[in-house]
Amino acid sequence: MLGMWRGRRKLLVASLALLFIPALTWLYLSVGSFQVKPLPLSPLEAQSSMAVGRRGEQKSLELRVRAVEEENHALRRDLSRTPRSSPARHPNSDHHGNQTRNHSEEGTGDNEGQKSAAVVGNRSDCVQQPMVDKCETIHVAIVCAGYNASRDVVTLVKSVLFHRRNPLHFHFITDSIAQQILSSLFHTWMVPAVKVDFYDADELKSEVSWIPNKHYSGIYGLMKLVLTKTLPSDLQRVIVLDTDITFATDIAELWAVFHKFKGQQVLGLVENQSDWYLGNLWKNHRPWPALGRGFNTGVILLLLDRLRKLRWEQMWRLTAERELMSMLSTSLADQDIFNAVIKQNPFLIHQLPCFWNVQLSDHTRSEKCYKDVSDLKVIHWNSPKKLRVKNKHVEFFRNLYLTFLEYDGNLLRRELFGCPSEADHNSENLQKTLSQLDEDDPCYEFRRERFTVHRTHLYFLHYEYEPSTDNTDVTLVAQLSMDRKSVLQLDMTSAKKALVVPAFETLRYRLSYPKSKAELLSQLDMGTLFTFRYHVWTKGHAPTNFAKWRTATTPYRVQWEADFEPYVMVRRDSPEYDRRFVGFGWNKVAHIMELDAQEYDFVVLPNAYMIHMPHAPSFDITKFRSNKQYRVCLKTLKEEFQQNMSRRYGFAALKYMTAENNS
């Protein structure tokens, strides 16, 4: 029963999280002076206004709710008079998520249809969205290259996974760096009902390298042009996204828009929300040709099968060659070429409501796309300034982005009810191991964590690595490399040695980092720096012998003592951390104890040092301080670890139990 309650409790927490973020954002936009009227971005959109009294926030909210309800009733009456049809399909069908559908639905493509759909402005909560089959797979294509883009795309993926209710198939067009990072990430993430395929961007460079491009995205910013050739030939439709996108709704709503494509419409795009293609941003500004304001390619709906029949490859190439004779290069990468093709062939475009791509670029008119939180579907950080872009409501958008940036991706490992996913052997083995644990054990969560496979994001920051010829490479876990003079002198390749890096700390959030040992000692004497945790947990680093380190010019040995937990450098084949100690408490202590038991020498480096910067208390240390059961479980695990040490090392491990009892 306790195990069942834990499962329900986690489901409840996840459900509350799903409700909390939209509720919080609704309050942010609804309360106060946030009253933006949705003005049209083009003649295709109609104005929508609502009279709201200003005698107080409560009265204002009541009037707004009443008006929205009346509008909903009117819209439902209109929709009930309109015949709609959508042929049924097998719920588990995944012919790349694309079956032929009826495209007779109203409100898209031609001017009359778009005018009638725009009567309600961008109030998406009033529009009855076509349903997507429960287990229909949604296909998403993303071009991603390099370390930075690989980091950004994770935030996008988390925002999509947070809201989704359908199986997903991601198609990543990547360079070798991004493929290594993302393949490792998804392999360790183990999200149910998510499939990932990679396509080598290097093989596509010759297709677009002949196009001069001034955009900061470089050659990779042109690769969306060749998706019809790159993606599987039986894939009929796909949503294409830039890496700087954040979703605020279920991506299935966007997938459902494919139902509305009519005739020869093959491209679903949102109108550009700046004056770029109008050519009036500055004197002598000469953009590529575009239809009206042009369209932004951060979010694209592609009907691949129809594009192939229209010979898309030949179409965009001929257009690009012709325009480059006078334009000489692209300024906005693939977007310029897409717009030039649409200008010449306007029948290709299906214009999406602007809330499907709220663009936070410089000179943006995106504020006219939304009135309240229900209008926000997709946020596009398409300025080189990214989160630093100027916008009236940028603080709200930034907080939404940071929510997903910091969101625990492990919480997204939830099954889709009623949609069986492909068997994952790693996941199955993990579940089998977990099933052998006693869920009634008060320390169950601790023991479970020992077997949890955590998401691994390789090379979170830009990393240039060239293997050394003498096999003496040393890397700290904290994403920085150390000088190797010490490594060669101490013969690390064959001896069992743990190099101790003396640790210091500051209570200041801003610090001029000392460039030398002499400068560090000066700051230590002035009280700017302190030896690490001297005022909280002296025993943790006392054996380092900081008094000796001040004058030391050569490495020196120190002896293990109880609760010693220095930062060390060891060979790759050294003992690993004991995975039972997660969160706060005893992870480094247990590791150092294991090294000592295996007769490692602790050698302090005389000219190396690290500095701990202040930060908010972690969630785990807060639990340690406030939760008695947490401390009880930690003590139990310590005793179990010491018993294991006794079994492995016999009499030699007696000193650890004695030292613990005396500490």
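Fair warning: this is a prediction, and the values are worked out from it, not measured in the lab. What you see below is based on every heavy atom in this structure, not just the backbone, and it leaves out hydrogens, waters and symmetry mates.
Aromatic rings from Phe261 and His350 are positioned such that their centres are separated by under 6.0 Å. Aromatic pair Phe162/Phe404: centroids less than 6.0 angstrom apart. Close placement of the Trp312 and Phe338 rings is indicated, their centers lying within 6.0 Å of each other.
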*asked:* If you apply the rule side-chain contact (heavy atoms from CB on, under 4.5 Å), what do you find for Leu168 with Leu161, and how did you get there?
replied: CA-CA 9 Å; Leu168 296 172; Leu161 291 175; 3.7 Å; yes

*Is there a salt bridge (charged side-chain N to carboxylate O under 4.0 Å, His left out) between Glu395 and Arg398 once you walk through the steps?*
CA-CA 5 Å; Glu395 192 65 27; Arg398 187 185 294 118; 2.7 Å; yes

*asked:* For a side-chain contact (heavy atoms from CB on, under 4.5 Å) check, start with the C-alpha distance between Val270 and Phe355, then their side-chain angles and the critical distance, and finish with the verdict.
replied: CA-CA 8 Å; Val270 170; Phe355 51 66; over 6 Å; no

*Audit row: Arg365, Ser274, side-chain contact (heavy atoms from CB on, under 4.5 Å) steps and yes/no*: CA-CA 6 Å; Arg365 296 161 55 90; Ser274 77; over 6 Å; no

_Steps toward salt bridge (charged side-chain N to carboxylate O under 4.0 Å, His left out) verdict (Lys377, Glu253)_ = CA-CA 9 Å; Lys377 300 293 187 182; Glu253 294 182 32; 2.8 Å; yes

_As a quick check of understanding, evaluate side chain to side chain donor-acceptor pair (under 3.5 Å) for Trp381 and Gln359, giving each step before the final call._
CA-CA 6 Å; Trp381 302 88; Gln359 302 149 36; over 6 Å; no

*Please step through side-chain contact (heavy atoms from CB on, under 4.5 Å) for the pair Leu310 and Val266, ending with a clear verdict.*
CA-CA 9 Å; Leu310 291 172; Val266 290; 3.9 Å; yes

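Looking at Asn382, its side chain does come within 3.5 Å of a backbone N or O of Leu360 through a donor-acceptor pair. Remark: side-chain polar atoms of Arg308 are paired, donor with acceptor, to backbone N or O of Ser233 under 3.5 angstrom. Proximity of a side-chain donor or acceptor of Asp133 to a complementary backbone N or O of Cys135 within less than 3.5 Å is not detected. A donor-acceptor pair under 3.5 Å links the side-chain atoms of Arg413 to the main chain of Trp189, judged by distance alone. Between the side chain of Ser184 and the main chain of Gln180, no donor-acceptor pair closer than 3.5 Å is present.
Of all the heavy atoms in Gly146 and Ile177, the pair that sits closest is C-CG2, 4.1 Å. The two residues Cys144 and Val153 make their nearest non-hydrogen contact at SG-CG1, 4.1 Å. Of all heavy-atom pairs spanning Lys158 and Tyr407, the tightest one is NZ-O, 2.9 Å. Between Lys134 and Pro167, the closest heavy-atom pair is O-CD, 4.2 Å. Closest non-hydrogen pair, Val132 versus Ala256, comes out as CG2-CB, 3.7 Å. In terms of heavy-atom proximity, Pro232 sits nearest to Tyr199 at CD-OH, 3.4 Å.
Note that CD1 of Ile300 and CG of Leu269 are 5.5 Å apart. Values are rounded to the nearest 0.5 Å. For the atom pair Leu156 CG and Tyr401 OH, the distance stands at 9.5 Å (nearest 0.5 Å). Taken to the nearest 0.5 Å, the CG atom of Leu302 stands 8.5 Å off from the CG atom of Leu231. Separation of atoms CD (Gln264) and CZ (Arg306) is listed at 9.0 Å; rounding is to 0.5 Å. Here NZ of Lys229 is found 15.0 Å from CG of Leu304. Values are rounded to the nearest 0.5 Å. With rounding to the nearest 0.5 angstrom, the CH2 atom of Trp276 is 5.0 Å from the CG atom of Leu332.
A salt bridge does not link Asp305 with Arg237: every distance from a Lys NZ or Arg NE/NH1/NH2 to an Asp or Glu carboxylate oxygen is 4.0 Å or more. A salt bridge links Asp334 with Lys224: the closest approach of a Lys/Arg side-chain nitrogen to an acidic carboxylate oxygen falls below 4.0 angstrom.
For the pair Arg293 and Tyr277, the cation-pi test (distance below 6.0 Å, angle within 45°) is failed.
Taking 4.5 Å as the limit, every side-chain heavy atom of Asp244 sits out of range of all side-chain heavy atoms of Asp152. Between Leu204 and Thr230 there is a side-chain heavy-atom pair separated by less than 4.5 Å.
Ring geometry for Phe186 versus Phe172: interplanar angle of 30 to 60°, hence tilted. Aromatic ring orientation, His169 versus His171: parallel (interplanar angle below 30°, classes split at 30° and 60°).
Only one option out of Asn296, Asn272, Asp242, Thr297 pairs with Asn357 in a side chain to side chain donor-acceptor pair (under 3.5 Å); it is Asn296.
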